[in-house]
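Working notes, structure below.
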Amino acid sequence: MFAKANCITCHAGSTLTNNQVISVKEIGTEPSRAKALKKYGKVMGESLLYSPETPVPLPKKPTVLKVPTEHLNRDQLKLAFALGDSPGGYKVPSLIGLYWTAPYLHDGSVAVGNDIDQEIGVTGTILKGITPDPANSLRALVDKSLRDKVIKANLTSQQLQDLHIKGIGHEYWVGESTGFTKSEQDALIKYLLSLTAIQKKGKTGTGYYELCLFLFYR
């Protein structure tokens, strides 16, 4: 189901991410945070650092080294910092540990509680002190009908509007609107919640050591 729904297009490899910054125009999520570093471009200069053996406090004329940047993807840099005419973007996150990271999207705007009919959106969960349910929140991420309810609920709060928290974008639906059955949607959600360790080629299952490393460095 993960492959059939084309999730693997971006969420690939052992950590289930291609480590690319995707244009906000393509991902469709709220753009304000994607453009948050735009002014940084005005002060961005050559990458430099002091020589590793430089003592502290600094001498009058410390040795300064240039940081190699020729290998960096300039288009990715423009997206990451919204430089020039770039609209900015968001980095494809790893899907490992989704069970612990609800609510979803970069701003945590896709949230649903245990009661899928009443605890909808940030207004029906977090603002009421209710912890979002990972399975139901993931369902809202991939189910268009449920996402519409989440967006509608979020739009009722002026506080959320001031923070640009809406729940829009990432419209990669896996549900009736795109020809998937309820059982197929359930299978995808069950799989996503089972991802608790870096995937090793030829092996399956949860590695406790790998999981601890991931959570520590995340």
field: Chi angles and distances behind the salt bridge (charged side-chain N to carboxylate O under 4.0 Å, His left out) call for Lys78, Asp85
entry: CA-CA 9 Å; Lys78 285 188 65 176; Asp85 58 356; 3.2 Å; yes
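For the atom pair CG (Leu193) and OG1 (Thr196), the distance works out to 10.5 Å, reported to the nearest 0.5 Å.
For the residue pair Glu119 / Asn114, no side-chain donor-acceptor distance below 3.5 Å is found, with atom types taken as modelled. When only modelled atom types and interatomic distance are considered, Ser32 and Glu30 share a side-chain donor-acceptor pair under 3.5 Å. No side-chain donor from either of Thr15 and Thr17 sits under 3.5 Å from a side-chain acceptor of the other.
At most 12 heavy atoms of other shown residues, nucleotides or ligands fall within 6.0 angstrom of atom NZ in Lys149.
With respect to the salt-bridge test (charged N to carboxylate O, under 4.0 angstrom), the residues Asp186 and Arg139 qualify. Comment: Asp148 engages Lys144 in a salt bridge, judged by a side-chain N to carboxylate O separation of less than 4.0 angstrom. A salt bridge does not link Arg147 with Asp143: none of the charged nitrogens is closer than 4.0 Å to a carboxylate oxygen.
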Show me the donor-acceptor pairs within less than 3.5 Å that the side chains of residues 167-175 make with the rest of the protein, sequence neighbours left out.
none

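When hydrophobic residues (I, L, V, M, F, W, Y) are linked wherever their side-chain heavy atoms come within less than 4.5 Å, the members clustered with Leu160 are Val122, Ile126, Leu127, Leu163, Ile165.
For Glu176, the salt bridge (charged side-chain N to carboxylate O under 4.0 Å, His left out) test picks out no residue, with sequence neighbours left out.
Without hydrogens or angle criteria, Glu46 side chain to Lys66 main chain gives no donor-acceptor distance under 3.5 Å.
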